[in-house]
Each structure stands twice: as structure tokens, then as C-alpha cells.
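Every chain is numbered from 1, with letters handed out A, B, ... down the list of sequences.
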Amino acid sequence: MPWIEANANVAVTLTVNGVSHRLELDARVTLLDALREHLRLTGTKKGCDHGQCGACTVLVNGRRINSCLSLAAMHGADNITTIEGLGTTDALHPLQAAFVAADGLQCGYCTAGQICSAMGMLEEWRAGWPSHVGEHAPAEAITAAEIRERMSGNLCRCAAYPRIVEAIQRYAGDEGAST
Amino acid sequence: MTEAIVKMDTPFADSLLDRVPAPLVGTELPRIDGPRKVTGTARYAAEHFPDGLVHGVLLRAPFGCGRITKVDPAEALAMPGVLAVIRDERMVRNGGGFAGAAAPVQGVEEVAYFGQPIGLVVADSLERARAAALCVRLTFETAPGVFDMVASRETALPPTDDIFGLFLIHTEQGDVAHAASEASALVDAVWQTPSQSHAAMEPHASVAIWQDGQLTLHGSYQSPVVTRDQLATVMGLEPTQVRILSPFVGGGFGGKLGVMPEAVAAAIAAQQLGRPVKVVMTRQQVFEMTGRRPMTYQRLRLGADAAGQLTLVQHDTITDQLTGEVFFEPAGLATHLLYAGANRQVDHKVVRTNKLLGVSMRAPGEAVGQLALECAMDELAEALNLDPIEFRLRNEPERHPETGVPFSSRALVACLKQGAARFGWPTRSRDPGAFRDGEWLVGYGMSSAARGNLFGPSRARVRIEGDGRVTVETEMTDIGTGTYTILAQIVADLLGVELAQVDVRLGDTDDPASAGSGGSWGATTSGSAVYAACSELRVRLAAAAGAPVDAITLAGGVLTAPGIRRPITDLVGNGLAVEGVAQPGESNTRLNQTSYGAHFCEVRVHAVTGEMRVARWSSVFAAGRILNLKTATSQAIGGIVLGIGGALTEELIHDPRSGKVVNRDLGEYHVAVHADIPAIDVHFLEERDSVANPLLAKGVGELGVCGAGAAVANAVYNATGVRVREFPITLDKLLHGLPPLTSATSRT
Ligand code: FES
Ligand code: FES
């Protein structure tokens, strides 16, 4: 089978959290596996490998994507931000701090995806992207209904949902107040 | 090492936790492992990279029942980077049980269910192993299997084992047939619940490393010691030759209790190849080859007299399981004790099917059993023209209605009353379909909740270092439950040190063995072991200071007693360590221990399409002392949401021709998502249970799911007038019975 025999490696430079990494990768390596297995940035999680859970969400040029649905070789020209690029345990990003304060996590496996997704989602909302719940024109503050709708691609089996919404709302409110 | 034992032979009237001046226990302390989890620095099983690591991908049987006759690995082995195609009789066919060291069913020839693991392909990269796994050629013979439990229910037989006496197979008292003929009101119907998947967000994953005859395995396991013992048996090793590390577990819910196929495969491959091997299940494999909550077929027959007193409580349940497996879904568990009634029968039977292994899933028995029982109670209340809360109040038993033993603590009535007030229950219209808000029919529903409280042996070592820091070490895990935080709180309170001074190390089988995470007993059992260690350390500190232990106060790293004030660091020398042991005793059996609660919800059903939305939720629980209000509330919410999913969306669909799980991914198996879940109001009553353990706490983790789905179903009925007894309540089951569009009165 030619697709197996080809076994081609590709060279790609991935810029992750501001650092460039030159990699020789099997062309089949997804962005998610490049991050986890090759760069050992394991904060980004694999929950399904099929774009169905959101655990692998990262920001590519500020936009949220499911990194399991994208090949690493496609991202040579991009700026990738993962959970490791937001804050550290000693200096949490305000959204990370809001998750801890609201207990927007339990086992923690979906958490990086929820946080990266929320970052991208708030940008989409500020930019006036529409959503199914129909509150198109940016209101003063994002509503819980908007957050629930826009975050529904991020599953949490521990079901921290109400508290994730609370964390995002709290963070978005503080951001709004400080800008 | 000194041991300090707390054995629950007599009630614990006086807990040290109630003498702490400004306790952390009970507060809303944020979880201490939170910063690591939100920054992605907590490392889970698959996130270890020992030198020389290679990747394994499991092979699975693509048929429901029969035998593999030939495996041709030639094509796969010829592919670049492929190291081995391993088929070893030690590999496990079914996952292991939640307790005991017995080996699970092994073998790679006989196939008992679709998707069963039958081998492992190993290559130097994940991509190569994955591609090669598609090129292993299988030849097999199929055999007739049993794939449809409901169609085969006449073949049901009693379970072969009562699972350590935890599950009663059959109980009866009085005369149920006579009671049925005499009852003023009777409900006699069948409720069905489907197979469900735990679907923890972290797939099962193991990294196996051999060194000098020792096996180290980074795994995702709720109870590493149980897993270690089973893995040792399977591999033909002594338990001392195996070490399992599970400091972070990405969700379990019962799906990661016994050893699972990926751990065994990784261990065998690492042994054979002399290199570390990582095996991570794909999401599809998690659905197909780990475990499921078995499906149930439950007949409820409830009867009452004209005064609304239950005279008959009968619950006959049928569930399914693989041949030879002892676990069964104990769906009648809560029916034994939730309500009074003189004539009773609870029965369990099992149909042997060729479908994925049935295992414990969050609140085994109670989650699905209360779905049926609490819906039946709603139906009978209606038949009696009673409010469902009033009906429950009239049937509150003083003692366990079967055994006559007292309850250690039981605040169901208070939960019902306070929950009703918080939710605004009195505004409910008792007539179904009567309340419409625009295009939405609005219904209120409620249910009781009950989950048995268990206690098991558990150990923890607590060491005060010379510099005053305190280390807690136990094999216990934190699967999202809050263990790290709760144990640190107990230590900080009992030894009077700052929280930041406490290090908690979990999930290592080299540390003292715990009861593990399961059965809602993790916090209370491991917390009791820590309590035992700390109370002995207090005795030691008092002795070192020359003060009677009852006279000391420990706070801010300082021991004070009349005329004495000494920093703890002065009293411990180079360090002081005690191993605490918590042991169940007579008091755990002399009284019935159960956690209780009540759920209330508003469900909106679209009058045209039948779409259902849960709009509002309140629950009140009583579970003894709440150790951490924040994590306990999160646990309660998690359970409630699982209940909502179980009521409305979750169903593993088996192909009736092969048993295959058709919807084996997260796109087709519908767990609740953000948009499905409203704000959830959770309230815990102040309670102490001195019979349960020295913390005076009862289990919380599984209580939330108990009854939650029934509250949803009862609200759907109240909104529409349609009783759906086959879960989940998808809208196709509602549409035929929705009220005519003109009938309901609009009220806002
Ligand atoms: S791992 Fe990418 S969406 Fe699930
Ligand atoms: S915190 Fe466990 S899956 Fe979200």
C-alpha cells in the first residue's frame, strides 16, 4: 500500500508559546501529538483524537482549534499558544486563577482545553461572531447562556460545567472592568 | 514505624475535628492541586517518557462471539518501525474487578464480545503502530451469541455471588401478592435503562517499564493496589515486583477500578522487548473494551392504602453480564431502605450476554434503581392524589424497613422540606401539561436520593519533618474528588500547621495501601487513616512537651498547654512519623449508614418538537460532616449532571446481531455538554454521623446521581403528561403524547 510505504518525513518549524522548534516529523503526526509526544508539552490533552471533546484545544494565531484535527506539518507559519503559554503555578493567568477559585475543574483532564477554548471564545464574542443563542450584538458582559452555547464543544465528564461558566464569567467581567 | 489504629467498633462521640478553633475542614478551600491542573503541569499516565519508549496499539476482535483461528502479522511486521505483533495468553479479555487479586479472564483466542482486545502491535512511533494495526490479518470463526437482554430475559438466573455481601440478591417479607390484591392504589410497570459508558475524559493509558525484574507502571487507576495485585497475578509476579503510580487520574467513575487490558499489554510488551512501552486506548477502544454500566429491566410494583401508606414495595430487576463474571448491577439496593411498607420483595437476576463487561459505574445499583423507584413513587402519589413530597413523608421509616436496625443518621425529611422551599415547589401545578410559557411546556419534578455509606480499611503515613513541614503518603488517589485538598485540611487542622506546610503524595503503591477511590468512600476512609495518624502524633507531641494530650492546643506550628508554649519543631527531633490505620468495625454493621438528599428541577419541553431543556435545579443533601464544601459541591454537581445525561441522552447502543457498541465515540454517545446544564443549586445540611468514622462524615461522590434522573423524568411528565419508562427520554418517545397545541394555559 503506497500510503504506508511512503513513510515520508517532513520538516516543520513549530512556534509554540513564542519558542521555535525545528522538527522532522512523520507526515501523519497531528499537531496534538507533535505537542505531546515530540515537544512533551503535555498540558494539552487527548480525549478522543476525533474533534469530539475539545480536550486538545489550543490557540493558533489567537483562534481556538482542536489540535487533534490538524496535522503538525500545516503549522509552520503559525503562532501556537498552549496552556503552558498562559501562566505558571506561581503566576497564574487570571483565567486560570478564576478556574481554581470557582472550582471549574475536578479531575483536571479537560481543563487545559476549557481554558484555551474560553480564551478563543471570548475573542470570537468580542469580534461579534454570532452564536445559536442569538445574542449577537456584544452586550456589556457575556451572558451565561452565551458561554454555555459557545463552550459546548468542550466536554467535561466530571461535569464542572456550572463552575466553568462561573469562572469564565468572572474573568470576562474583570477583564471588561480593567479595559 | 508506629501504627495507630482507629477501628469503628463503637461510635465516635467526640471528633478532634470539632475541637479545632478555626478549622479548615468544612470550608470552601480551593483545591491545592488546582494550580497544577490549570497550568497543565499535573502529569497523567501517558505523559511519561522513559528512554527508549515505544508505542503499542491494541488489536480488537471485529465480531461478537467465537474464536480467532489465525493471525497473519507478516504485512504489519514488514512495515517500517514495527517491532512486534504480540499475542500472549496472559493478556486480559475482561477488565478486573474492583477488589481482590484474582486474575481477570485472560486469553486471546476465545472471543466473548465484540471489540475484545486480542493483541498488541508495537512500533517506534504511534503513527507507525497505528497503521500497522490496520494491517494485521485475522481469520476467525463466529459462534451464536446472546446479544439482546430484553429478548432473552426468560433465561435470567440469580447472580452467583453477593459481592462481599455488599449486594443482596434476594429479600422478601410479608405477602406481596396479597398486598397487591388489597392495595387501594397500585403501580405495576417496567422501567428500562440502557448500558452506559463511564467515558472519563482521560482514556485508559499505561506506560510500562521493566528494570531488574521489577515492573513500574504509570497508569490511570482509581485503586492502584488492587490493580497492582491483579497485574502481578496476571503476569505471574509477586506484588512486591510491581509498582503502580497514579498521582493524577483523569476521571474514573468506576471505569478504572480493576486492571484493564492496556496495562497488561504494555507490561507484557515491555517485558518481551526490553524497552518501555506506552499503550493508550483510543476513545473507541475505551467504549469497546473497558467496561459499561449494565442495562436493566426493572419491574416495580408499589401499593398503598387509602391513607397513602405503602403496603407493598416490590422491585424485581434483570440485568446483563458476560458468562462467568460475578459483578451484577444491584438495582434494588436503595429499595431495601428508602420507604416503609410491610410487604416487600427485592430480587436480582442476570441474563448472560455476549456484550462488553459490566462493571461498577458511579453509584452502581442506586443510580439506575432509583431512576425506576422514584418514578414509580411519583406515579403512585398521583394515583393517590397526593403531592409527591407528602407521599414520601407519610412513608418515612423509623428504622430500616427490612432489618429493623436503626439508621446512624437519616435526614431525608429535612432534605425534602428544605429542598422544596429552596426550589419553590409549592408553585407547581399538579395537573400535567397545564403550565405553558410561550412555546414551552413547563414541568417540575422531584425525587429522593440515597446512597449507602461504606467504610473500608485504609492506611496513611503522616510525618512531621524536623523543619516543621508535614508529609502525608498514601496509595489513595484523587480522581477529581478532592483527596489532595481534604487530606491536607485534616492534617493542617489536627496538627496546627499552615496548609502550605503540608505535602500530600498520592497514588503510589509503594506507600501505605488505602481503600482507593470508589464507592464514595475515598475521602472518609483515607481521611480516617490520616486522622488516626494525627491523633497519635498529638499524643507524641504532648508527651514530648510534658503536657496531657487533652490539654494541648496546636496552632500556627506551636503547641500550647497551661504553662507550656513550644514550637512543634522543638518537639519532633529529626522527624516523627506514624502510620494511621482505619478499620471498619462493629458499628459499621450495627446501624444502617446511608447518605440522603432530595432533587428538584424544572424541565421545559418544546410544545411542537418535544425538545427538552433542564432549566432550573436545586438539591439538598445530608452526608454527615462535609470535609470541603467546594469539592463536595463539585462532586454533587457532577453526579446530578450524570443523572441528567442518564435521563435524557446517554445510551450505549448495542447492535442486536453482534453486541457491538454502535455509538463508540463521543460524537455519538451523548454525555451532557455545557448547553445542557443550567446553574445548579446545591445545599448540604449540617450533620454529624458519629457511627460512620472519626471524621463523622459520610460519602458524597455518588449521592448526586442517585434519583437525579427521576426528578427529570417526573418533571417531563409534569410538563407533558407523558410517562416514558424506557430511558433515555429522547424526544421521539415523547412526541406521540404531547398535549394538543391549544390545550395548555399560558402562564408566565
Ligand atoms: S482530542 Fe481533540 S477534540 Fe478530543
Ligand atoms: S475536570 Fe474532569 S473532565 Fe473536566
Under 4.5 Å from a heavy atom of chain B, the part of A:Asp49 involved: side chain
Worked check of side-chain contact (heavy atoms from CB on, under 4.5 Å) between B:Met361 and B:Leu642: CA-CA 11 Å; B:Met361 178 166 151; B:Leu642 185 63; 4.1 Å; yes
Test side-chain hydrogen bond (donor to acceptor under 3.5 Å, both in side chains) applied to B:Asp676 - qualifying residues, sequence neighbours left out: none
Side-chain touch B:Glu127/A:Glu37, heavy atoms, less than 4.5 angstrom: no
Verdict with supporting geometry, A:Gln96 and B:Thr39, side-chain contact (heavy atoms from CB on, under 4.5 Å): CA-CA 7 Å; A:Gln96 291 170 323; B:Thr39 53; 3.9 Å; yes
Interchain contact, B:Leu53 with chain A, by part (heavy-atom threshold 4.5 Å): neither
Side chain proximity check, B:Thr481 to B:Thr631, heavy atoms < 4.5 angstrom: no
Largest heavy-atom contact set with chain A, pairs under 4.5 Å, which of B:Ala78, B:Gly252, B:Ala199, B:Gly251: B:Ala199
Side-chain donor or acceptor of B:Arg362 paired with backbone N/O of B:Gly701 under 3.5 Å: yes
Sidechain-backbone polar pair: B:Tyr44 side chain, A:Lys45 backbone, donor-acceptor under 3.5 Å: no
Between A:Ala144, A:Gly108, A:Gly43, the one whose heavy-atom pairs under 4.5 Å with chain B are most numerous: A:Gly108
Heavy-atom proximity to chain A below 4.5 Å, by part of B:Ile479: backbone
Max heavy-atom pair count under 4.5 Å with chain B, selected residue of A:Cys158, A:Ala112, A:Cys156: A:Cys158
For chain A, the option from B:Pro30, B:Gly250, B:Ser634 that forms the most heavy-atom pairs under 4.5 Å: B:Ser634
Engaged part of B:Thr483 at the chain A interface, taking heavy atoms whose separation is under 4.5 Å: neither
Backbone N/O of B:Asn663 and side chain of B:Glu668: donor-acceptor pair under 3.5 Å: no
Winner by heavy-atom pair count (cut-off under 4.5 Å) against chain A, out of B:Ile680, B:Asp33, B:Ile637: B:Ile637
Check: A:Glu146 side chain, A:Val133 main-chain N or O, donor-acceptor pair, under 3.5 Å: no
Contact origin within A:Ala160 toward chain B - heavy atom pairs under 4.5 Å: neither
Options B:His198, B:Arg36, B:Met201, B:Arg283, ranked by heavy-atom pairs under 4.5 Å with chain A, top entry: B:Met201
Selection from A:Leu92, A:Leu105, A:Ile164, A:Thr88 maximising heavy-atom pairs under 4.5 Å formed with chain B: A:Leu105
Region of B:Ala200 that comes under 4.5 Å of a non-hydrogen atom in chain A: backbone
Partner chain B: residue of A:Thr111, A:Ile147, A:Asn154, A:Leu155 with the largest heavy-atom pair count (under 4.5 Å): A:Leu155
Test item: A:Tyr109 side-chain N/O and A:Lys46 main-chain N/O as donor-acceptor pair under 3.5 Å: yes
Derivation and outcome, side-chain contact (heavy atoms from CB on, under 4.5 Å), residues B:Trp617 and B:Ile644: CA-CA 11 Å; B:Trp617 197 285; B:Ile644 294 172; 3.7 Å; yes
Residues 115-122 of chain A: residues contacting chain B (heavy atom under 4.5 Å, by number): A:Ile115
Sub-4.5 Å side-chain heavy-atom contact between A:Ser152 and B:His674: yes
Part of A:Arg36 lying under 4.5 Å from any heavy atom of chain B: both
B:Val671 portion near chain A, given a 4.5 angstrom heavy-atom threshold: both
Heavy-atom check, side chain of A:Thr81 versus side chain of A:Asn17, under 4.5 Å: yes
Under 4.5 Å from any heavy atom of chain A - which part of B:Thr282: neither
salt_bridge(A:Arg157, B:Glu650) N-O dist < 4.0 Å: yes
Where at least one partner belongs to residues 57-80 of chain A, residue pairs that pass salt bridge (charged side-chain N to carboxylate O under 4.0 Å, His left out), sequence neighbours excluded: A:Arg64-A:Glu124
Heavy-atom proximity to chain A below 4.5 Å, by part of B:Ile640: neither
Chain B contact via A:Thr89 - side chain, backbone, both or neither, heavy atoms under 4.5 Å: both
With sequence neighbours excluded, residues passing side-chain hydrogen bond (donor to acceptor under 3.5 Å, both in side chains) with B:Glu28: none
Which of B:Ala42, B:Gly638, B:Gly34 touches chain A most, by non-hydrogen pairs under 4.5 Å: B:Gly638
A:Cys68 backbone acceptor or donor facing A:Asn66 side chain under 3.5 Å: no
Option in A:Leu86, A:Asp33, A:Thr44, A:Asp90 with maximal non-hydrogen atom pairs under 4.5 Å from chain B: A:Asp33
Worked check of side-chain contact (heavy atoms from CB on, under 4.5 Å) between B:Leu666 and B:Phe287: CA-CA 9 Å; B:Leu666 292 168; B:Phe287 275 101; 4.0 Å; yes
Segment of B:Gln284 engaging chain A (4.5 angstrom heavy-atom cut-off): side chain
Under 4.5 Å from any heavy atom of chain A - which part of B:Phe248: neither
Interface residue of largest heavy-atom contact number with chain A, from B:Gly639, B:Gly480, B:Pro203, B:Ala132, under 4.5 Å: B:Gly480
